[in-house]
Structures are given as C-alpha cells and as structure tokens.
2 protein chains.
Amino acid sequence: MKQAKISEAVVRRLPLYLQALNELLRSDVQTVSSQELGRKLDLNPAQIRKDLAYFGEFGRKGIGYDVSYLIGKIRHILKLDRNINVALVGAGNLGQALCNYNRYSRDNMKIVAVFDAHPDKIGMMINTMRVQPMEELKQTVEALQIRIGIITVPASAAQTVADQLAEAGVEGILNFAPAILKVPPNVRVHHADFTTELLSLAYYLERNAEDGDDDDEVVD
Amino acid sequence: MKQAKISEAVVRRLPLYLQALNELLRSDVQTVSSQELGRKLDLNPAQIRKDLAYFGEFGRKGIGYDVSYLIGKIRHILKLDRNINVALVGAGNLGQALCNYNRYSRDNMKIVAVFDAHPDKIGMMINTMRVQPMEELKQTVEALQIRIGIITVPASAAQTVADQLAEAGVEGILNFAPAILKVPPNVRVHHADFTTELLSLAYYLERNAEDGDDDDEVVD
DNA sequence: TAGATTGTTAATCGATTAACAATC
DNA sequence: TAGATTGTTAATCGATTAACAATC
C-alpha cells in the first residue's frame, strides 16, 4: 500500500520545501529546523514536520534536518531521482519560452520534444529541437518514453491536444490553456493557467474612491 | 464593512466561473444552473451556489442564473469593470511571451509598460512598448496609474524587483520566479511559478518497475 | 546536564457537501 | 399545478495548529 491518502495540499508543498532547501544548500547550510524553514516559506513549523513525517523520519530530535539528506529524500518522494521526459505541444510564444527556460532540468525533468499543428511552425528549431507535426506525437512519446505533456495551445484546441496526449500514453499533463480538460482517470492534469491568479489578484485591489456603490457589501 | 471574510478559495474560483460563463455566452446560452456549471468545472453545485451567495442573490429559483448578468456581477466583484494597468519586469523569453499573449486584455487588464535591468534589453520593442530601465519604474507607475506588477526575472533578482515595485506603489504582484517574496502588508503577492505544479505532477507518476524499494511506504 | 527540536496525538479551525424550505 | 432550482442552514469532512513526550 504505497503512499496512500497523502493529500494534494501536502504534495504541493514538497516542491516548495525543495526550493528552500536548495537555496540553503547553495549557502552551505548543513542543517535546518522546521522553524527556520517555516520562516523562509511562511508556513507553520508543525505543518512542515507533519508533512515530512508522512514519508518517514527524516529529522533528528534536538538538531533538525540535514539539508542535503532531506533534499535527496524529497526528490525520491517526488520521483525526481530518475529522468522524466516531457513533451510540449504548442510552439507559440509561451511554448518557446518554456523550452528555453528549462530550469526544471536540474530536477531531472526535461522537454525533449516539441509539437505544433500549424504548418508554418513545423520544422522550426527551438534549442536543439525540431518542431514536429502532431502526426508524430504518438510514436515519439513511445520512442523517447515521454511521460508528461505540457499544453501551450489556445483554449479552443486544448481538449483535442489533451485527447491526443492521453492516447499517446502520457501519465500527466500540465495545462497552460484556460480550459477545463476531461481526461481518462489514468491521466493526471495540473492547471498552470496564470490568468486565474492574475484575475483573482484584482479582487484585492482597493476600489477607486469615486466608485462608492455597495453592491458587493457583506453583512453578517 | 465591505467584503469581509471571503476566503481565498472562494475568490480563486471566481475567475473559473467567469471563464465557463464566457464560453456559454459565446455559445449563445442564456441561462445556466449551478448543476450545469458544476459539471463543466468539476465542482459541486452547492459550492457554486454558496460562493455566489456571499456576494448577493444572482439567481432565480427554479430557473438558474442569467449568463450575461452573472458575468457582469462577477466582473464587478473582481473589480474588472475598470481598466487595470499592469507593469511587467523582466523582458526575457517568458516576459515577452506574456506581453504578446495579453489575453487578459478582454478582462480590462493590460500590460502597459515593460522594464528590465539589463542594458542590452533596454530600448527593445515588444509590441508597441519600449523596454524601459528600472530607474524609470516609479515615475511610470505613477504616470500610468499602474496597480499590478508582474515579475519574470530570475529568482535571484526577484526580491529586489519586488521591493522596487512595492516602493513604486503597486498594490499587487504576480510572481513567476521560484522565490518566496517578502513585501509590505499593503501589497498582495500571488504565486505563478509553474515549476511547483510540474514537480508535484511527477509525484503521481507510476514508479518504474525496476525501482522496487519501499522507502516511502505508508502503513496506517 | 540543559536546551533544542523532532514526531505525533489531540484540539481547533475552516471548507465542502447535503438537505430542504422557499419560490419561480 | 408540478418540476426545477435557488439560497441557506446544518452536517460532514479534512486540513491546520497547538501541545508535549521522546530524545539528540
């Protein structure tokens, strides 16, 4: 019974821990307490300890956590101790930026193939990759053992691409398009559309002074 | 007492509702029930009704919600019924992609200025915008009444840029850099670093067969 | 040893879901 | 009217935080 009932909230914090720990490693810090880590990440220390304890006993009482040891453990938990090949579909501005970015490569994730449906994109070079037509998706996914697909096409095309990726056999999809995707239960979708974050940010702006209506007032 | 105690989870769903409603509007659908909306968004209908009820009575019993009326209401709640000017800092690949994207412009949000610290970027044209040096940030924010800043610089520079944006007077920051920012309490930061989503996606991949150790087993 | 910090249980808090009277 | 669906209260569920014994 492997990794039963670990909540998504916990899993989503693990990359954050990794990020902070890598920073500490670069500063040659050997050991860190849940309190220090909590201060860095704006999280409750008890929560950090509890999260980690789901997976094992990684710390030492009275001491804290060994930074590089914990990095290794979290990388293992997230399955980042193996190379994971990624395909990107949609060679537009955003897609190209993500290919060039490739910061996650140090985490063993790498975009190894790029696809686009548009004839004028096909054949174009991004880094060392040639933009391939959608017809080559399935065979490439199999040949390169690609396990994750990134979608950077317009919302109107996102569902079709998701279907093609699922059919090609990827296990996970990172979706940048503002669309809710329907996929088979064996495929997991994570949403990366930042317009949600941008629009919800507007909610917290001050209303301008001249706009004094009370439509959205809440009395309790 | 305006908009007291509305939880972040609720606010974050509002842009999703907007997205689905806009789709319905394009399909000339007049009216929608919480059930239909829930099906489209994979959400519980009761949750949708409850979310909306925080802000007013927008539906009609036995009928549902008028699509374009509800769009107007949510846009008002999110303060998207006024133009909101945005500045972007970091004219790299990602920054350029976001400037060109500008899909959110139909939501009255618009990137109106681009900044970069690097001399070889300054003066470059993105769409109709000239990349400006950081020295011009404050005066431009004031002149154009910019209220939100987008950070697309490397993690190492993110905190400095956040300080400069806060000092220039923005009310909100959308941060794409993998870094936790410390800002004054009057500034709100939303996180848009997709590496978190990508790395947590790896957790849900199948372990390869040959990798049979039980380190992260959970017994309960 | 005394001080610090973990792992873990119990308490609290908040968010989601179910249920249903009101009503179109 | 009968059927549908809202707004809202109550019940449930889950996640966060506090507290503390164990121990380095």
Side-chain angles (χ1 to χ4, degrees), chain A residues 3-14 16-17 20-21 24 29-67 69-71 73-74 77 200 203 215-220, chain B residues 3-14 16-17 20-21 24 29-67 69-71 73-74 77 200 203 215-220:
Chain A
Q3 295 171 1
K5 82 239 122 13
I6 306 286
S7 87
E8 292 193 30
V10 173
V11 174
R12 203 152 298 189
R13 280 191 293 268
L14 295 178
L16 255 51
Y17 299 156
L21 288 164
L24 289 168
V29 176
Q30 311 278 320
T31 289
V32 68
S33 68
S34 58
Q35 192 162 110
E36 291 174 77
L37 212 46
R39 196 150 15 84
K40 262 182 111 67
L41 292 168
D42 262 328
L43 293 175
N44 183 303
Q47 182 168 66
I48 295 176
R49 294 200 299 279
K50 198 161 199 280
D51 284 354
L52 296 174
Y54 283 116
F55 303 99
E57 305 200 358
F58 302 143
R60 286 224 248 167
K61 296 186 172 134
I63 309 289
Y65 300 89
D66 182 274
V67 172
Y69 176 78
L70 188 54
I71 287 175
K73 282 299 182 184
I74 296 180
I77 294 163
S200 63
Y203 174 83
D215 281 2
D216 50 2
E217 189 165 293
V218 173
V219 185
D220 185 69
Chain B
Q3 295 171 1
K5 82 238 121 17
I6 305 287
S7 87
E8 291 193 30
V10 172
V11 173
R12 204 152 300 189
R13 280 191 293 268
L14 295 179
L16 254 52
Y17 299 156
L21 290 165
L24 289 168
V29 176
Q30 311 279 317
T31 290
V32 68
S33 69
S34 59
Q35 193 161 110
E36 291 174 77
L37 213 48
R39 196 151 13 84
K40 261 182 112 68
L41 292 168
D42 262 328
L43 293 174
N44 184 304
Q47 182 169 65
I48 296 175
R49 293 201 299 279
K50 198 160 198 282
D51 283 355
L52 295 174
Y54 282 116
F55 303 100
E57 305 199 0
F58 302 143
R60 286 223 247 168
K61 294 183 174 136
I63 310 286
Y65 299 90
D66 182 274
V67 172
Y69 176 77
L70 188 54
I71 288 175
K73 282 300 183 184
I74 296 180
I77 293 163
S200 63
Y203 174 83
D215 280 3
D216 50 3
E217 191 165 292
V218 172
V219 184
D220 184 67

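Side chains included, hydrogens not; waters and symmetry mates left out as well; all remaining heavy atoms used. In the text below, chain A, chain B and the rest are named by the order of the sequence lines, each starting its count at 1.
Heavy-atom nearest nucleotides on DNA chain D were determined for A:A46 and for A:S7, and the one closer to the 5' end corresponds to A:S7. Nearer the 5' end of DNA chain D, as judged by each residue's closest nucleotide, is the contact made by B:R49, out of A:R49 and B:R49.
A:R60 comes within 4.0 angstrom of sugar-phosphate atoms only, judged by non-hydrogen atoms across all strands, and of no base.
Counting heavy atoms from C-beta on, the side chains of B:I63 and B:T31 come closer than 4.5 Å. Under the 4.5 Å side-chain criterion, counting only non-hydrogen atoms from C-beta, A:L43 is not in contact with A:L37. Counting only heavy atoms from C-beta outward, the side chains of B:S34 and B:Y65 approach each other to under 4.5 Å. Between B:L24 and B:Q30, the closest side-chain pair of non-hydrogen atoms is not below 4.5 Å. Looking at heavy atoms from C-beta onward, A:V10 lies in side-chain contact with A:F55 at the 4.5 angstrom threshold. Side-chain contact between B:I71 and B:Y17: absent, with no pair of heavy atoms (C-beta onward) separated by less than 4.5 Å.
Across B:I6, B:I77, B:L14, a single residue satisfies side chain to side chain contact (heavy atoms under 4.5 Å, CB included) together with B:Y54, and that is B:I6.
For DNA chain D, the contact window with chain A, defined by any atom under 4.0 Å from a protein heavy atom, covers D:dA15 to D:dC24 in 5' to 3' order.
Across residues 32-43 of chain A, not one residue has a non-hydrogen atom less than 4.0 Å from an atom of DNA chain D.
Base pairing of C:dT23 is made with D:dA4, judged by Watson-Crick or G-U wobble geometry with both donor-acceptor distances under 3.5 Å. If you check D:dT12 for Watson-Crick or wobble pairing at under 3.5 angstrom, you find it paired to C:dA15.
Applying the 6.0 Å contact sphere to CD of A:E36 captures more than 12 heavy atoms from other residues, nucleotides or ligands.
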